[in-house]
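Structure record follows, encoded as structure tokens.
Every heavy atom of this structure was used, including side-chain atoms; hydrogens, water molecules and symmetry mates were not. Lettering follows sequence order; numbering is per chain, from 1.
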Amino acid sequence: MSASSAFNDEKGGSSSVGEPEYGHDPASGGIFSSDYKRHDDLKEMLDSNKDSLKLEAMKRIVAMIARGKNASDLFPAVVKNVACKNIEVKKLVYVYLVRYAEEQQDLALLSISTFQRGLKDPNQLIRASALRVLSSIRVTIIVPIMMLAIKEAASDMSPYVRKTAAHAIPKLYSLDPEQKDQLIEVIEKLLADKTTLVAGSVVMAFEEVCPERIDLIHKNYRKLCNLLIDVEEWGQVVIINMLTRYARTQFLNPNMNESLLEEGSGGDRTFYGSDEDEDEDEEEKEKKAETPAMAKRKPYVMDPDHRLLLRNTKPLLQSRNAAVVMAVAQLYFHLAPKAEVGVIAKALVRLLRSHSEVQYVVLQNVATMTIKRRGMFEPYLKSFYIRSTDPTQIKVLKLEVLTNLANETNISTILREFQTYIKSMDKDFVAATIQAIGRCATNIGEVRDTCLNGLVQLLSNRDELVVAESVVVIKKLLQMQPEKHSDIIKHMAKLTDNIQVPMARASILWLIGEYCEHVPKIAPDVLRKMAKSFTNEEDIVKLQIINLAAKLYLTNSKQTKLLTQYVLNLAKYDQNYDIRDRARFIRQLIVPTEKSGALSKYAKKLFLALKPAPVLESPFKDRDHFQLGSLSHLLNAKAGGYQELPDWPEAAPDPSVRNVEVPEWTKCSSREKRKEKKVEKPFYSDSEGESGPTESADSESDSASGSESGSGSEESASRSESEESEDGSESEEEEEEEEEEKEKKKKKKELKKPVQESESEQSSEEEERKHQRKTKQRKSDSESESDEDEESESESSQSESEESESEAEVKKKKKAAESKPPSKPVKKESKKEKKEMSLLDLDDFEPAPSPQVTPVNTFLSNSLVTDLEGLSLSDTVLSPATIAPSSALKNYELLHRITGEGLSVEYCFSRQPFSPDANMVAVQMQFTNNATADTKNLHIEDVKLQSGMRVKEFSEIELLPAGETATAVMGIDFCDSTQAANFQLCTHTRKFFVSIQPPVGELMRPVFLTENEFKKEQEKLLHNLGQLMGMNEITEKLTLDMKCRNEHTIVQRVTTAANLSRVPCGSDKECRFAGRTVSSSSLVLVTVATKEEGAAQLTVNCEKMVIGTMLVKDILLALTQ
Amino acid sequence: MIHSLFLINHTGDIFLEKHWKSVIGRSVCDYFFEAREKAVEPENVPPVLQTPHHYLISIYRGKLFFLSVIQTEVPPLFVIEFLHRVADTIQDYFGECSEGVIKDNVVTVYELLEEMLDNGFPLATESNVLKEMIRPPTILRSVVNTLTGASNVGDTLPTGQLSNVPWRRVGVKYTNNEAYFDVIEEIDAILDKSGTTVFAEIQGVIEACVRLTGMPDLTLSFMNPRLLDDVSFHPCVRFKRWESERVLSFIPPDGNFTLMNYHVSSQNLVAIPVYVKQSISFFETGPCGRLDITIGPKQTMGKTVEGLMVTIHMPKAVLSANLTATQGTYTYDLATKVLVWDIGKLNPQKLPNLKGSLTTQAGTPKPEDNPSLNIDLKIQQLAISGLKVSRLDMYGEKYKPFKGVKYLTKAGKFQVRT
């Protein structure tokens, strides 16, 4: 333990910090008493009231931990400070806690409540850090608490907290593997998450907890592929490695046809005489194996998902992170068609400029690749030339690569390079070079003689190691055509006088024995010399002497009989039992006695059988059955936890498993969705054209029924994705859009006609709508007189909504007309839909001849159709609604029709007062029965709520016939929190777990205030509550979106984001809004003050800080996008 | 993934340890020490070692070993890259990555490690995010800290982790807004005895120093982007723009960073700025050898070659060197057997020459191999590949930044075989 002792010596120098760990026993001597005192003094500091003292103490303790000294006896003193206000102290206490909690489980429990409190904090970062520390404490007793915390955090609204939850999963798993099933559920949920922040971490958790559950990936595959480029680099590595494995199970081998072709032509594999037989054998085998597959093989077409993966990983070859580049390289190596693998070579060669450790790993992988795909690296041959300053291990690896790359066109350059290497001072490297030359010589027949001559010259080298290595290699080469090279054998025979390296001596003796016929005169003489020195030789040499003697005895017994006897006698009394045994065995075999049986007749055949020439092969051969880039590949041994790379399937599994039927966006809050969208295209310069209108559609067009606008934006998002892949078509599209915009009015007129033709149901709906509008108008009239702007705004948007709705109606009919719509029209239709959504009122019926229509992702079409169906249905349903939805309603999905087995449920916050209980938020639910059978007895059961929350259930729907829809309203008192209300939705047959989580803006109702009242209230909020001064006001600076610089849009966007009413105001630079939270009637005041150039300031005043903070974020998002 | 980290100095002392999962005893390092002893040079220690229960992955940086303990399968490059990132971060924080510095700032380093990994999986490696949480020490702050007893833990929370541009701090403000870009090219070359080029290529890097207020969106374009064959980018660069237009479009991190690395396509012939005439020979009889080196300008594009330096790793047998240099100074380190000739500026009129005799150890056979020469040089205001930045535009902010581009050519791994 040189390390630790040295460490203790050195400790004298580091005076400030604590003393060694052997002070546990107080009786052990005076020397440690000072130590104890020191710890006492730390304890004192920790108990003091001064934060600075505590901090000093904690710093010293952490320094002790860092140096690996035991500070566990301070646990009680430290753990007390876990609730310390000072954030610096707190952090250090966390560090301590994580390190020692495992050893002091009981005491560690004292800290748990602090973290539990932290988990409820309104600040996402505090929630996250609480979860992080809580999950890092390895105390088995808190497993249930951890489980609960993880589950909760997994559905937190902050992606950062969800990321932390993903991190916590493997921690809990390692603590208690029994939780696996529950953890898988959480992983499944998090896998569906759409943010880049979470993706890497959850895949990491997936890999640690349940790598075998590849089925969980199906639904998320495309999303992961698309998000990949924006995930942080470490996550990218993990995701790429996992996707490699996934692809191997799901797609077909893209090279299967090529390998067939190759078999015919021989490819580049059969250049070398020596390898030929073997290769053929292999190919034969392959052929046999493939024949059954061949029979049913169709021309290979790559699965679009396979292509998607290859396409989306390729840019990452440009990453600065070597691990990412390597991950992509191995993905291409294992998955790409042969013609495309070449792209990785450049990137890998680039990595050779990096740190030597990186080079080491990369070269190992390149060495494996060069065996299978030599052509790929041939252009970069010179990049593998060796410099004298390279570390030995790098040199040897480069040599390996060079050898693998050698063929008859470049062998002369390579050999010239090798010549300089042989003169190197690094003898290990020289030895490796000689081996490499030997391998080149065996592989490439043309240069065999040249190499042999070169090696023979090396025999006169002064360095014994070099000579010995040469001998060994020459021996192997000679075996190929011994008859030609008797002079070399003679030369080597002479060397026995000088060479002392056992391996080399043994090799020479073996050669002479084997080819004694070629050197009949010299062989007996060599044996004579050897017999003389027998006793001083090494064991392997002795064995070869015995062999030589035996062979000579058989061929030339006249001259060597006595010598052989002598050698065998010496060997009989050797210390080594191997040698004794060998001597006895050989004597019995070759010297005919009466006892020796029939075997001795065959002695000659036994000893002088033709021996096959050895194949010099690369140690990297067949390493590629390990996934490249993995630790197992590097070690050439399976490391713990290694997941085998599966073989390609014979037939492709069903690709439809990856179809995502559900646009899952409905589940996440609008804020997240936006954020994610932003993340999805950080290279926005490309897609700016669309993203503009898309976003505006999102906020301006809330008029249209929520699901419709939602799906529209979703589609356009995915469309922009697909377009990113085919750049260039963008500009055209933009132009086109402009054109369309010009024409839109004309088209609108055209549109009216089909609308009027619509059936009675439709018109009734329209009537209903008008009625609603009127009532609304009246209401707003009564509420504010000066608010004309807003009103006209809402009116216009409403009329727009009507139009788009009616259009959907028409479309539905159209679809009904063609019962089996061919896929192409559907696609076009969907396209139309998208456009309409993105440009809001662009009701364009003629399928515009758009060049980019050819959709890359055909898989979208399916889900689109279903979406469209759902859309049109939901529109019709609005008509019988008893509650008038205001213009800006957004629909959320409660139950998808797939999971609901035909029953789909959507909900929206109707923003109407809930009459039975004013403290509740009205939630309007809309049930659609898509199944063939009727659904009965729809009701709610088993409501699980946070404390204080209440639910007023809707009355049971007794019958919902197939294909019908029904609406119901329920009230939920969320207690002014955004915690979800969980309950079960029951039918007569099934129960579904569902949850409703309100956006913060829905937790309030508008109140009418005058400007003066507003200011007064704001003042009050600011100053009256002494101790919370300033806490009730949150101010945020922002830059308004280009499209959002006029008052109208600001008002509209704010009111969309939150259920507030506008406060009339004299200045046109300021917009004010007021509302009260539904449950506690706390006042919520919002001010947006605009300045020039789109700069603006947002102020939110609210007693409820949590609500205030969340509201600020939501409004910020609404205004900046 | 990464279980524990040990920092080990060149004498084999473990001076810092950090465990992200349960504690692993120091004895696991014994396997490493064994391998360390076997390898003569510290560079030769295999980066990946297998022990009965663990795998050890280590890097060697700044005379320190960063040794990580792994228990299960993990891409080795993942760990290596991360360890280098740790070293980079330490360097970034304290100006250098050495034992002394780490010992002096042990608490800060420990906190950094705590933030960088969570349960062995990287959490925050972006220096911008880290600096928000744990402030790097400055002289002023350390004075304040000693007076007030505060530490470097930031009291703000790492909001950077939440943003879409995690590499940039929000609310950056400067009075002088400036953006500087250094285009640095390195010539990697191997010349053989006769001076012909065996292998030569140009690797370039663009180092940026950007101090701009707010959220500037920069676009950097080149006159001749076709020269660039292979590139790798800082994560801030928008890859799509590069693919379609060959311009670098990015929201820069604050401060110094490496914008891109590139490789100049091999079709272009590489200009070799200097030639070397050398003869090094050892005699069979008598313990001596001769050395004669002359360096002259070859293709310098009319610029002056500066910082010229020749490094020779002599054979072990060479005891001393008795040389005269017409320009510059030479040193011979007996322990490492390294001869360094520091020439400085290359004067084309009067070529620098180093001549003299070498003494070898008596009784040993003459070294067979001649040592190769490693050349260092610098050429200011020149990118040897001919790459030129055409313009830098800024969007998203109103002010006019001060912009500057500097070119520099250096010798990379420039080796002359003898």
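A:I169 does not touch chain B: none of its heavy atoms, backbone or side chain, sits under 4.5 Å away. Only the side chain of B:I80 comes within less than 4.5 Å of a heavy atom of chain A; its backbone N, CA, C and O stay farther away. Using a 4.5 Å cut-off between heavy atoms, A:A347 touches chain B through its backbone atoms (N, CA, C, O) alone. At a 4.5 Å heavy-atom cutoff, the contact between B:Y55 and chain A is made by side-chain atoms alone. For B:A87, no part lies near chain A; criterion is any non-hydrogen pair under 4.5 Å. B:F250 does not touch chain A: none of its heavy atoms, backbone or side chain, sits under 4.5 Å away. In this structure, chain B has heavy atoms under 4.5 Å from both the backbone and the side chain of A:S383. Contacts between A:K638 and chain B at a heavy-atom distance below 4.5 Å involve the backbone alone (N, CA, C, O). With a 4.5 angstrom heavy-atom cutoff, A:E207 does not touch chain B via any of its atoms. For B:M260, no part sits under 4.5 Å from any heavy atom of chain A, backbone or side chain. Of the two parts of A:R387, the backbone and the side chain both hold a non-hydrogen atom closer than 4.5 Å to a non-hydrogen atom of chain B. Residue contact with chain B, scored on non-hydrogen atoms closer than 4.5 Å, involves the side chain of A:V238 exclusively. With a 4.5 Å cut-off on non-hydrogen atoms, B:N261 does not touch chain A at all. Neither the backbone nor the side chain of A:V349 has a heavy atom closer than 4.5 Å to any heavy atom of chain B. Neither the backbone nor the side chain of A:Q330 comes within contact range of chain B; no heavy atoms are under 4.5 Å apart. Only the side chain of B:H84 comes within less than 4.5 Å of a heavy atom of chain A; its backbone N, CA, C and O stay farther away. Heavy-atom distances place no part of B:W242 under 4.5 Å from chain A, backbone and side chain included. In this structure, chain B has heavy atoms under 4.5 Å from both the backbone and the side chain of A:E357. With a 4.5 Å cut-off on non-hydrogen atoms, B:S58 touches chain A through its backbone but not through its side chain. The contact between A:T389 and chain B is made by backbone and side chain atoms together, counting heavy-atom distances below 4.5 Å. For A:V358, the parts sitting under 4.5 Å from any heavy atom of chain B are the backbone and the side chain alike. Both the backbone and the side chain of B:D188 have a heavy atom closer than 4.5 Å to some heavy atom of chain A. In this structure, chain A has heavy atoms under 4.5 Å from both the backbone and the side chain of B:K413. With a 4.5 angstrom heavy-atom cutoff, A:N241 touches chain B only via side-chain atoms. For chain B, the nearby parts of A:I65 are the backbone and the side chain; heavy atoms of each come within less than 4.5 Å.
Side chains of B:E114 and B:Y110: a donor-acceptor N/O pair is absent below 3.5 angstrom, by distance only. A donor-acceptor pair shorter than 3.5 Å can be found between the side chains of B:N9 and B:T11. If you check the side chains of B:E73 and A:Q643, you find no donor sitting under 3.5 Å from an acceptor. Side-chain contact annotation: B:Q415 with A:S388, donor-acceptor N/O pair under 3.5 Å present. Side-chain contact of B:S249 with B:R238: a donor-acceptor pair under 3.5 Å is present, judged by distance alone. Counted by atom type alone, A:D428 and A:T392 present zero donor-acceptor pairs between their side chains at under 3.5 Å. Between the side chains of A:Q364 and A:H633, not a single donor N or O lies within less than 3.5 Å of an accepting N or O.
Side-chain contact check for B:R26 versus B:E17: some heavy-atom pair is nearer than 4.5 Å. Counting only heavy atoms from C-beta outward, the side chains of A:W234 and B:L117 never approach each other to under 4.5 Å. Looking only at side-chain heavy atoms (C-beta outward), B:P75 and A:M326 stay at 4.5 Å or farther from each other.
Among the candidates B:E126, B:K193, B:M1, the residue making the largest number of heavy-atom pairs closer than 4.5 Å to chain A is B:M1. Annotation: maximal heavy-atom pairing with chain B below 4.5 Å, among A:R416, A:E232, A:K1037, A:E417, occurs at A:E417. Comparing B:D230, B:L113, B:V107, B:V106 by how many heavy-atom pairs each has under 4.5 Å with chain A, the most go to B:D230. Looking only at heavy-atom pairs under 4.5 Å with chain B, the residue among A:E103, A:M204, A:E102 that has the most is A:M204. For chain A, the option among B:K398, B:E201, B:E186, B:E41 with the highest count of heavy-atom pairs below 4.5 Å is B:E186. For chain B, the option among A:A639, A:A66, A:P391 with the highest count of heavy-atom pairs below 4.5 Å is A:A66. Contact tally against chain A (heavy-atom pairs below 4.5 Å) for B:I70, B:T125, B:L83: the top residue is B:T125. By number of non-hydrogen pairs under 4.5 angstrom with chain B, the leading residue of A:L634, A:N321, A:V237, A:V361 is A:N321.
With salt bridges taken as basic N to acidic carboxylate O contacts below 4.0 Å, one links B:E115 and A:R132. A salt bridge links A:E233 with B:R85: the closest approach of a Lys/Arg side-chain nitrogen to an acidic carboxylate oxygen falls below 4.0 angstrom.
Between B:H19 and B:F6, the gap from one ring centroid to the other is short of 6.0 Å. Aromatic ring centres of A:Y642 and A:F626: separated by under 6.0 Å.
Within the 3.5 Å criterion, the main-chain N or O of B:V45 finds no donor-acceptor partner in the side chain of B:R36. Looking at A:K382, its side chain does come within 3.5 Å of a backbone N or O of B:V198 through a donor-acceptor pair.
A:H167 is linked by a side-chain hydrogen bond (donor to acceptor under 3.5 Å, both in side chains) to A:S201, counting only residues two or more places apart in sequence or in another chain.
By the neighbour-count criterion of 12 heavy atoms within 6.0 Å, atom NZ of B:K21 is densely surrounded, having more than that number from other residues, nucleotides or ligands.
Cation-pi geometry between A:K346 and A:Y380 is not met at under 6.0 angstrom from the ring centre and within 45 degrees of the axis.
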